[in-house]
2 protein chains.
Amino acid sequence: MPLKNENLTRNQKIVLDLLKNTKEPLGAYTILTNIEKKGIKAPLQVYRALDKLIESGKVHKIESKNAYIICKNSNCNSLKSTSFLICEKCDSVSEIKRNNLKQDLSILSEESGFNYANHNLEIYGLCKSCGD
Amino acid sequence: MPLKNENLTRNQKIVLDLLKNTKEPLGAYTILTNIEKKGIKAPLQVYRALDKLIESGKVHKIESKNAYIICKNSNCNSLKSTSFLICEKCDSVSEIKRNNLKQDLSILSEESGFNYANHNLEIYGLCKSCGD
DNA sequence: ATATTACGTGTTATAATATAACATTTCATT
DNA sequence: AATGAAATGTTATATTATAACACGTAATAT
């Protein structure tokens, strides 16, 4: 049951607001540094807010970077799954939106007798701007 | 230039031997604990061995678990890319071997004007044994 | 053969990422 | 107002990973 924005708590809003205004993924301690002026003092406050935002699909974690980014898909169909294109040159990240990706990966899994639940896909390369 | 086994150094062999005999992915500090009796005393010795083993494709890192596992594909075509099926029940991990996966992901990337280089794919679910 | 170069090692310290534990506060709902 | 569920504030600590530097070893190029 994805939360609506109105249901966000103070700390969650602060963290989400910061991520809204940032293109690159941010580490938890970078987030902390950037919101200390708003009264957030401890890492745990950041991690707790991130946990909730991730649960509700508003934020995703990029595992290979230990960094967090806002979800731009208004109706992100995958709360637990993530699919990213990560530019190795400019560090920009975009989400793959193709909605049959989960299905494709599910089929791929079945080929090995594996029952798909969710996934993390992190593709590295050059984005449109950097790849020219 | 993938190293042959004969070229491995003492510490690399010790780490690789441990991973050879382990089904589940192991964290660096778990590895350390298990090879202290062989004279390895510091985390850095483990991380340095892992770095080299990863470079040569003998070991992969599972990013979402901060854990390391041996590569069973004798001719692992992807040194920098990884594709795993991870069982949420028994923690077993198997590599996806389908050799056109890189190509499929490359095509998928191109759809967004993104120039594919490599990827991490971590699929969670239930393995054959656990899924029944 | 020996000076050089490159790489691996051992060691200590520290950085970066993340969670445990517990007392307190907020806030919606009885 | 009383209750209960969840968020907060705070301190401490766990977990994962790297920096820095001195030393050793082995291949090789002059």
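The side chain of B/Asn11 lies closest to C/dG10, out of C/dG10, D/dT16, C/dA21. Which of D/dT18, D/dT8, D/dT16 sits closest to the side chain of B/Asn66 comes down to D/dT16. Listed nucleotides C/dT12, D/dA7, D/dT10 differ in distance to B/Ala42; the shortest reach to its side chain belongs to C/dT12. Closest to the side chain of A/Tyr29, from the set C/dT17, C/dT12, C/dT9, is C/dT17. Taking only side-chain atoms of B/Tyr68, from C-beta outward, the nucleotide of D/dA17, C/dT19, C/dG10 with the closest atom is D/dA17. Of the candidates C/dA18, C/dA20, D/dA17, the closest approach to any side-chain atom of A/Leu44 belongs to C/dA20.
The main-chain N or O of B/Glu63 is found under 3.5 Å from a side-chain atom of B/Glu122 such that the two form a donor-acceptor pair. A/Ser81 contributes a side-chain N or O that, together with a main-chain N or O of A/His119, makes up a donor-acceptor pair within less than 3.5 Å. A donor-acceptor pair is defined here as one N or O able to donate and one able to accept, closer than 3.5 Å; such a pair exists between the side chain of A/Ser109 and the backbone of A/Leu105.
Residue A/Thr9 places none of its side-chain N or O atoms closer than 4.0 Å to OP1 or OP2 of C/dT26. Applying the 4.0 Å criterion to OP1 and OP2 of C/dG10, one finds that B/Lys41 has every side-chain N and O outside that range. Contact check, A/Lys61 against C/dA18: a side-chain N or O comes under 4.0 Å of OP1 or OP2.
What separates CG of A/Asp51 from P of C/dT19 is a distance of 7 Å, to the nearest Å. Counting to the nearest Å, the C1' atom of D/dA7 and the CG atom of A/Asn7 are 14 Å from each other. Distance B/Ile31 CD1 to D/dT15 P: 16 Å, rounded to the nearest Å. D/dT25 atom P lies 15 Å from atom CZ of B/Arg48, rounded to whole Å. Residue A/Leu50 contributes atom CG, which lies 14 Å from atom P of D/dA7 at whole-angstrom precision. Regarding B/Gln45, its CD atom lies at a distance of 12 Å from the C1' atom of C/dT12, rounded to whole Å. Computed from coordinates, the A/Gln12 CD to D/dA6 P distance equals 13 Å when rounded to whole Å. Rounded to an integer number of Å, the gap from A/Glu36 CD to D/dT10 P is 13 Å.
Using a cut-off of 4.0 Å between Lys/Arg side-chain N and Asp/Glu carboxylate O, A/Lys23 and A/Asp91 are scored as not salt-bridged. Looking at B/Glu36 and B/Lys41, no side-chain N of the basic residue comes within less than 4.0 Å of a carboxylate O on the acidic one, giving no salt bridge.
Sequence order on DNA chain C of the closest nucleotides to B/Arg10 and A/Lys65 puts B/Arg10 first from the 5' end.
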